[in-house]
Novice: 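I'd like to ask you about the structure that follows.
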Protein chains: 2
Amino acid sequence: MTITMKDVASKAGVSLSTVSRVINNSTLVSKETTIKVKKTIDQLDYQINDSARALRTNISNLIGVIGAGMDNPFLMNALKSIETKALKKNYNIIYGDSDGELEQELYYVNMFKQKKVDGLIIMTANFSDELINSVKRSNISTIFASGYLDQTDLLSVTVNNIKAAEDVSDYLFDLSDYFAIIRGPYNDSVASKERMQGVKNKYKEYNIDLKDKYISEGNFTFESGYKSAEILLNNNKDLKAIFAFNDQMAIGAIKYCLDNKIKIPEEISIVGFDGIEASKYIKPTLSTVFQSGNDLGSEIMENLLKLMADENVENDNIFIPHKLIIRESSI
Amino acid sequence: MTITMKDVASKAGVSLSTVSRVINNSTLVSKETTIKVKKTIDQLDYQINDSARALRTNISNLIGVIGAGMDNPFLMNALKSIETKALKKNYNIIYGDSDGELEQELYYVNMFKQKKVDGLIIMTANFSDELINSVKRSNISTIFASGYLDQTDLLSVTVNNIKAAEDVSDYLFDLSDYFAIIRGPYNDSVASKERMQGVKNKYKEYNIDLKDKYISEGNFTFESGYKSAEILLNNNKDLKAIFAFNDQMAIGAIKYCLDNKIKIPEEISIVGFDGIEASKYIKPTLSTVFQSGNDLGSEIMENLLKLMADENVENDNIFIPHKLIIRESSI
DNA sequence: TAAAATAATGAAAAGGTTTTCAGAAATCGT
DNA sequence: ACGATTTCTGAAAACCTTTTCATTATTTTA
């Protein structure tokens with residue numbers, strides 16, 4: 001039923017090989033033949049069978065991406081950028097969202113192995129050993145992109161979470177004797193872990209005790225930010241500043257303050273992380289660490305392409321720029 | 001280099017066919033052989049070659065989705081739901097974002113044809129004739145999901161944009177003699193067109209003149225909402241209500257009002273569309289037409305699976321529920 | 001117990017490409 | 001004008017599965 005190269009060949013009166021050559025822009029076919037074949041391809045509305053091609057060439061033109069959280073605008077910006085870059089090189093993105101479930105992640109890695117993806121991008125919240133091992137065994141060119149990796153044989157692209165958190169800490173210590181933190185899930189997020197590290201570094205540097213009651217665990221949602229703000233403000237009567245590990249939680253925290261007539265930034269300063277578009281359009285506008293999803297995506301793809309081409313990649317851990325942007329939610 | 005079924009077969013001391021049978025859970029292989037083969041598969045870490053399988057079976061286990069706007073949380077919710085449902089049936093999602101470019105869309109349809117996707121979901125902003133024709137020619141089971149389609153041989157799943165806009169109109173006419181609209185791009189969005197139709201219906205029903213100056217064209221971004229609010233408020237001194245065709249634009253409009261000390265809802269009521277999570281966390285909270293991305297995704301997949309299984313689908317145009325939710329931004 | 005049915009296995013074809021190898025036709029150099 | 005290149009084309013193998021058909025071994029039936 002479906003039209004194959006064979007049909008094209010016989011209709012055009014040439015051999016299979018010739019048709020294939022035309023399709024792949026081989027130089028060794030005469031101009032007239034090329035035209036003739038192309039015309040028949042159009043006439044028959046012939047479509048390449050990518051499975052057959054992939055089988056033969058061992059190239060799938062597929063890049064697998066495993067991520068956590070399609071409700072995360074920053075991640076989606078990065079994904080969009082990845083997709084755009086990929087398409088330019090004729091790669092299609094095959095995306096699997098794990099929702100943070102390890103089992104899902106492993107399942108996806110397996111599926112992607114079977115699909116023989118040419119490259120793999122891991123943007124999961126956490127990098128479990130099982131995941132890393134499964135990826136390593138696969139021998140697929142892979143970029144990790146939620147945080148730093150200490151394994152020298154693996155490549156990561158990420159914002160410098162530690163440094164960024166240190167920047168925020170420095171800024172907030174200027175405003176107040178201490179500040180509270182709305183972090184991500186304790187065991188499930190590299191980014192959260194790293195940002196926490198940055199905070200700890202600064203608390204230590206300034207010799208200030210980082211008490212447990214300064215810290216609340218959220219899960220990167222608006223709602224968890226709202227609830228965390230309530231807890232933190234109740235437990236710390238003189239609290240003057242909160243650092244939330246993403247913008248959604250920061251916005252949730254702001255909402256809690258507004259609902260409870262707590263003045264921002266007069267009574268409390270709030271800083272987020274990511275710099276999503278919405279952070280500019282809430283009132284008060286949100287102070288936040290801006291990182292560009294576009295930057296992340298570009299850097300990921302650039303390096304992945306190098307990796308796939310077996311070129312040397314200069315650095316194990318690549319950082320994208322970040323910038324603390326002060327807006328109305330902090331003073 | 002790569003391990004194939006042949007390797008498994010010879011190591012396990014059985015034939016190729018037997019290995020294949022074990023992998024595909026055929027009943028006609030003895031218990032012992034099954035165990036033996038499975039063990040060797042584990043030992044060798046054998047992975048199926050999906051290209052070969054797809055070539056042979058003509059089933060790719062791939063579902064193509066073409067969408068516009070990964071920065072649209074509602075769309076992403078739907079996509080997430082699609083993906084979850086798909087995975088349960090062992091389908092992988094291959095997503096292409098067109099950014100509203102027709103050329104991109106056609107390109108993706110072509111790529112997906114070549115990849116021999118088993119099903120196709122079109123969530124682009126607009127359904128151009130070219131796109132529709134290309135899809136039709138492909139003979140791939142397809143669901144359209146941004147708006148209603150009058151072609152009886154195609155299936156669409158969408159919120160009832162017309163009815164929803166009528167609901168909002170009725171509500172706003174209760175508040176004020178007229179209201180302004182922030183719509184989507186003129187030619188590029190079915191949803192916008194349909195919602196506009198709903199508005200027009202009600203203006204007509206109540207015999208009110210829908211003046212051009214009541215309408216501003218946005219592009220579904222925060223920023224365009226902000227700018228549109230400025231234009232509308234400047235051109236209509238006694239304006240009491242604005243209907244924005246999505247939540248982002250509504251939030252942008254709110255921001256403009258707050259920036260300019262225009263009281264919401266006392267001086268102006270604002271209603272959005274979609275009911276994204278953020279609409280609950282801005283201040284004032286946003287009145288909006290809620291539709292569930294989850295509903296949309298489920299309904300799409302359910303019908304797509306039926307379509308792919310050649311089952312009859314009862315309805316050409318399937319509507320998912322919507323609900324006008326009144327919050328603080330309107331009275 | 002012999003014939004018939006069932007269960008388990010293997011050999012081989014088919015699916016649609018790409019690519020190597022060989023060969024024919026055309027062009028070149030001298 | 002002849003052999004040597006160069007240009008173009010075709011035949012056939014290979015990629016890795018699934019599946020049909022045939023075959024052997026086992027169990028059932030009368």
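We use all heavy atoms of the structure for the numbers below, so side chains are in, but hydrogens, waters and symmetry mates are not.
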Novice: Which residue, B:Q104, B:E103, B:E105, forms the side chain to side chain donor-acceptor pair (under 3.5 Å) with B:S98?
Specialist: B:E105
Novice: B:S20 near the nucleic acid: base, sugar-phosphate alone, or nothing, with a heavy-atom cut-off under 4.0 Å?
Specialist: base
Novice: Using OP1 and OP2 only, check whether a side-chain N or O of A:T4 sits under 4.0 Å from C:dG15.
Specialist: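 Result: no.
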Novice: Report the nucleotide, chosen from C:dT9, C:dA11, C:dT18, that has the shortest atom-to-atom distance to any side-chain atom of B:V29.
Specialist: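 The nucleotide sitting nearest to the side chain is C:dT9.
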Novice: Roughly how far, to the nearest 0.5 Å, is the CG atom of A:N90 from the CG atom of A:L62?
Specialist: 12.0 Å
Novice: I want to check something: taking the side chain as every heavy atom from C-beta on, are B:I63 and B:L120 in contact at a cut-off of under 4.5 Å?
Specialist: no
Novice: Atom NZ of B:K6 and atom C1' of D:dC15: how far apart are they, to the nearest Å?
Specialist: 11 Å
Novice: Once you apply a heavy-atom cut-off of 4.0 Å, does A:S17 come out as touching a base, just sugar-phosphate, or nothing?
Specialist: base
Novice: Give the rounded distance in Å between these two atoms: OH of A:Y46 and P of C:dG16.
Specialist: 10 Å
Novice: Would you kindly give the CG-to-P distance between B:N58 and C:dG16, to the nearest whole Å?
Specialist: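 One finds 7 Å between P of C:dG16 and CG of B:N58, rounded.
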Novice: Can you identify which nucleotide, out of C:dT17, D:dT9, D:dT18, has its nearest atom closest to the B:R53 side chain?
Specialist: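 Nearest to the side chain of B:R53 among the choices is D:dT18.
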Novice: Return the nearest nucleotide to the side chain of A:T57; candidates are C:dT17, D:dT18, C:dT18.
Specialist: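 It is C:dT18.
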Novice: Indicate, with a heavy-atom threshold strictly under 4.0 Å, whether A:Q47 touches base, sugar-phosphate, or nothing.
Specialist: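 If one applies the 4.0 Å heavy-atom cut-off, A:Q47 turns out to touch the sugar-phosphate alone, with no base involved.
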Novice: If the cut-off is 4.0 Å, is A:S30 near the phosphate of D:dT7, judged by side-chain N/O to OP1 or OP2?
Specialist: no
Novice: At under 4.0 Å between heavy atoms, what does A:T33 touch on the DNA or RNA strands: base, sugar-phosphate, or nothing?
Specialist: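 Sugar-phosphate, no base atom in range.
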Novice: How many whole angstroms separate atom CG of B:N24 from atom P of C:dA8?
Specialist: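 My rounded result for the distance is 17 Å.
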Novice: Roughly, in whole Å, what's the span from CD1 in B:I3 to P in D:dT17?
Specialist: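 Rounded to the whole Å, the gap is 11 Å.
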Novice: Measure up the A:F319 and A:Y148 rings against each other and bin them: parallel (under 30°), tilted (30 to 60°), perpendicular (over 60°).
Specialist: parallel
Novice: In whole angstrom, give the distance that lies between atom CG of B:L55 and atom P of D:dC15.
Specialist: 14 Å
Novice: Could you give the CG-to-P distance, from B:L16 to C:dA12, as a whole number of Å?
Specialist: 12 Å
Novice: Quick one: A:R21 CZ to D:dT9 P, roughly how many Å, whole number?
Specialist: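 Taking atom P of D:dT9 as the reference, CZ of A:R21 is at 9 Å.
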Novice: Specify the residue among B:A52 and B:S15 whose closest nucleotide of DNA chain C lies further upstream toward the 5′ end.
Specialist: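 Of the two residues, B:S15 wins.
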Novice: Checking all strands, does B:I23 fall into the base, sugar-phosphate, or nothing category for heavy-atom contacts under 4.0 angstrom?
Specialist: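 The residue B:I23 makes no contact with any strand.
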Novice: Classify B:T34 by what it touches in the nucleic acid, base, sugar-phosphate, or nothing, heavy-atom distance under 4.0 Å.
Specialist: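 The answer is nothing, as B:T34 stays clear of every strand by at least 4.0 Å.
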Novice: Of the non-hydrogen atoms in A:N126 and A:D188, which two are nearest, and what is the gap between them?
Specialist: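 Heavy atoms of A:N126 and A:D188 come nearest at CB-O, 3.4 Å.
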Novice: For B:R56 and for B:T18, locate the closest nucleotide of DNA chain C by heavy-atom distance; then report the residue assigned to the nucleotide nearer the 5' terminus.
Specialist: B:T18
Novice: Could you tell me if B:N24 and B:R53 have a donor-acceptor pair between their side chains, going purely by distance under 3.5 Å?
Specialist: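 A pair is found: one side chain offers a donor N or O, the other an acceptor, under 3.5 Å apart.
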